[in-house]
Peer 1: 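Pasting in a structure now, in structure tokens, and then I'll have a few things to ask.
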2 protein chains.
Amino acid sequence: MRSKITLKELAKILNVSVSTVSKSLNDSPEISPQTVKRVKELAQLHNYRPNPIAVNLKRSRTGNIAVIVPNISNTFFAKVLGGVENEARKQGFQVITYISNESLDHEQQITELISAGIVDGLLISVSEETQKLQDYEHLHLLMEYEIPVVLFDRINMDIGIDAVGVNDRGSIYEAVTFLHSQNLKKIALVCGLGEIGLGKQRIEGFTDACKDLGLSTDDKYILASKDIPEVKQKLNKLLVEDRVEAIIGLDYLSTLLASRVVQENNIRIPEDVKIIGYVNEDFASYLWPSISYVDQHPVEMGEQATAMLVKRIKEPSVKTPARVILNTEIRHLDSTRSK
Amino acid sequence: MRSKITLKELAKILNVSVSTVSKSLNDSPEISPQTVKRVKELAQLHNYRPNPIAVNLKRSRTGNIAVIVPNISNTFFAKVLGGVENEARKQGFQVITYISNESLDHEQQITELISAGIVDGLLISVSEETQKLQDYEHLHLLMEYEIPVVLFDRINMDIGIDAVGVNDRGSIYEAVTFLHSQNLKKIALVCGLGEIGLGKQRIEGFTDACKDLGLSTDDKYILASKDIPEVKQKLNKLLVEDRVEAIIGLDYLSTLLASRVVQENNIRIPEDVKIIGYVNEDFASYLWPSISYVDQHPVEMGEQATAMLVKRIKEPSVKTPARVILNTEIRHLDSTRSK
DNA sequence: CTGAAAGCGCTTACAG
DNA sequence: CTGAAAGCGCTTACAG
């Protein structure tokens, strides 16, 4: 029940001034070793902890960083959050989490809230809506208030803000190159997504890779539509009539769909068809057969973004925006094993 | 670039005292309407926001609550976090997130850290290790410091702390009852988990339900082991020889495994075999066929736990621990559709 | 080596 | 109706 003891109370017990106690605990060379010892012993005894609120007020910092993720149903962002946690702890910051639910409005409310001075900096992966409307004023406003901002993952825009992401074009290029190296010629791309920008980048990368490697770039190999039954039917045809040898799934649904359709046709994975998907580690490895996936290093992304933000917080003077692009890697599970 | 304006500066511009400005902004009836208007207009103009750190120091509260989740790869906890977010926002609190990684040691470090006074309260789902070793001293210590604690989800221990969870026994009882109502007699339980306590509760509930409903309680229907190949083989036998009509999967892996083995035997879901799994919504609905699942209301759990914590923070006097048990519900997807 | 004082940015009893 | 003062719990230049 002992309520927290304060500097003042310690000082009173020891019959010294508050300044002396404060300095002793902060190992100031001004204070005699004996006094330091006495003070520290008593502090230990009472389990004294400086009130962080008071310390922060004095230092005019908060010790917090905010992170806004667009959604949390996706384990990708959960993992990024884990990385943010790691690095923040190391650097002595607490992480305050917000979820924008893919809404610009919500995002603006959050930035408005934190502009009051709750945090020393912000990590954000902008919402779909924000990205679509290209409205980044709330972020610039924050920076005007001298609260540094670092973008992560969704960074396909040029708005002069620090950013950490992955090389989306490169990642699929690598996937195609790998499949090609396995002597696979007919590679299909399946995508059930819409707007998000990443889709486009990946499709471009796919086409480029096919061109460069001398593979067919026939449109029929690219199944991109939100109409799942249609995609399914077309994929079916590709498998049976065209004897497609590999499939790249750009998202959860299409990867799962691909695995499914292949098996319905009694085609073997990976012997007859190989699959690589843009899915998360957990998901990929839980499936049977497990699906080889593109590792986008979410944890590292969170760590790097946090490190970048902390650097900004500590050196607010630097002006040119930084940009870190992580290289993705293919993690091979059942669906790409060699025969 | 305008750095944050303070009360003092506003006062100076207006040629009034700091007190007057503060009172005006807080709509104190002491101040004349004219003055209030003048002050508010200037504040608006300069986009004044009170420094939350200073306000909190004055009020000796932090405005933060901490939440410790054991892991983040599980979307269940991600969803709970979403619920915590919702409710915390409503109540005017910020959420500081920590991840214990299922480690007691890590958990203790976190509670040690927040005992300094970073937060007004703590929400925690204890780590596996904590549960196994039954070491809850760090939580009691926190409460001695008058930082209220509320447990969520993993609450199968009686340690006199507020808690919000689900009725684990009841949930499986309901599942068995449903399957029984569909005229299914042979129901198998598959479990690939170990220690976690929940497993036991569910298995008990299963046995009880079978007894009550006059279904066989033969041990062969309960496949609980970490040895997945063994489980697979036994399940196979149950399906082919015993013609099991329904399967309940207690976790990700076993649910997926069940779905898989059934299909490998060219048995139809849901026509020949129905499946209910303890998996999350996203996962369940992404699969083909989609798997009916037990909804454990993670979002509501987060909301309720937060509401309970806030209540504790506001009324620290109340002593008897509260306990909220949410009723789970079966969400029917493909795998339990009627013929 | 120690302490009194000012101050971080606010709120609020109290006096006028 | 307004303002001076004290105080939340700390740190740190400054004086002694």
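Each chain gets a letter, A, B and so on, in the order its sequence line appears, and its residues count up from 1. All figures in this text were calculated on a predicted structure; none of them were measured in a lab.
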Peer 1: Using the P atoms only, state how far dA4(D) lies from dG7(C), rounded to an integer number of Å.
Peer 2: 16 Å
Peer 1: Against V119(A), only a single residue in I313(A), L113(A), V67(A), N64(A) fulfils side-chain contact (heavy atoms from CB on, under 4.5 Å); can you say which?
Peer 2: N64(A)
Peer 1: Taking NZ from K12(B) and P from dG9(C), how many angstroms apart are they, rounded to a whole number?
Peer 2: 14 Å
Peer 1: Keeping D120(A) on the side-chain end and I65(A) on the backbone end, is there a donor-acceptor pair under 3.5 Å?
Peer 2: no
Peer 1: How do S60(B) and S32(B) order along DNA chain D: which one's closest nucleotide is nearer the 5' end?
Peer 2: S32(B)
Peer 1: Among K319(B), R312(B), K311(B), whose salt bridge (Lys or Arg N to Asp or Glu O under 4.0 Å) with D162(B) holds?
Peer 2: R312(B)
Peer 1: Rounded to whole Å, please give me the gap between CD in E9(B) and P in dG7(C).
Peer 2: 14 Å
Peer 1: Please confirm whether the backbone N or O of S103(A) pairs with a side-chain atom of N101(A), one donor and one acceptor, at under 3.5 Å?
Peer 2: no
Peer 1: Give me the residues of residues 33-44 of chain B where at least one heavy atom lies under 4.0 Å from an atom of DNA chain D, by number, or none.
Peer 2: P33(B), T35(B)
Peer 1: Can you check the L57(A) CG to dG7(D) C1' distance for me, whole Å?
Peer 2: 12 Å
Peer 1: DNA chain D: stems of at least 3 consecutive Watson-Crick or G-U pairs, cut-off 3.5 Å?
Peer 2: C:1-3 with D:14-16, C:5-12 with D:5-12, C:14-16 with D:1-3
Peer 1: Report the distance from atom CD1 of I31(B) to atom P of dC1(D), rounded to the nearest whole Å.
Peer 2: 9 Å
Peer 1: Please find the pair of heavy atoms, one from L42(B) and one from L10(B), that lie closest to each other, and give the distance.
Peer 2: CD2-CD2, 3.6 Å
Peer 1: So, K4(B) side chain and A116(A) main chain: donor-acceptor pair closer than 3.5 Å or not?
Peer 2: yes
Peer 1: Evaluate side-chain hydrogen bond (donor to acceptor under 3.5 Å, both in side chains) for E107(A) paired with Y98(A), printing each intermediate quantity in order.
Peer 2: CA-CA 9 Å; E107(A) 207 171 283; Y98(A) 300 92; over 6 Å; no
Peer 1: Sub-3.5 Å donor-acceptor pair from the side chain of H138(B) to the main-chain atoms of I110(B), do we have one?
Peer 2: no
Peer 1: Could you run down the sub-3.5 Å N/O contacts of the protein with nucleotides 10-12 of chain D?
Peer 2:
residue	atom	partner	partner atom	Å
dC10(D)	OP1	Y48(A)	OH	2.6
dC10(D)	OP1	N51(A)	N	2.9
dC10(D)	OP2	L7(A)	N	2.6
dT11(D)	OP1	N26(A)	ND2	3.4
dT11(D)	OP2	S22(A)	OG	2.5
dT11(D)	O2	K58(A)	NZ	3.4

Peer 1: For a quick check under 3.5 Å, do T97(A) and T97(B) share a side-chain donor-acceptor pair by atom type?
Peer 2: yes
Peer 1: Testing L139(B), L123(B), L122(B) one by one against L151(B) for a side-chain contact (heavy atoms from CB on, under 4.5 Å), which residue passes?
Peer 2: L139(B)
Peer 1: CG of L10(A) versus P of dG3(C): gap in Å, rounded?
Peer 2: 14 Å
Peer 1: Quick check on dG3(D): is either OP1 or OP2 less than 4.0 Å from any side-chain nitrogen or oxygen of S17(B)?
Peer 2: yes
Peer 1: Looking at E102(A), is its backbone amide N or carbonyl O close enough to the side chain of E128(A) to form a donor-acceptor pair, meaning the two atoms are under 3.5 Å apart?
Peer 2: no
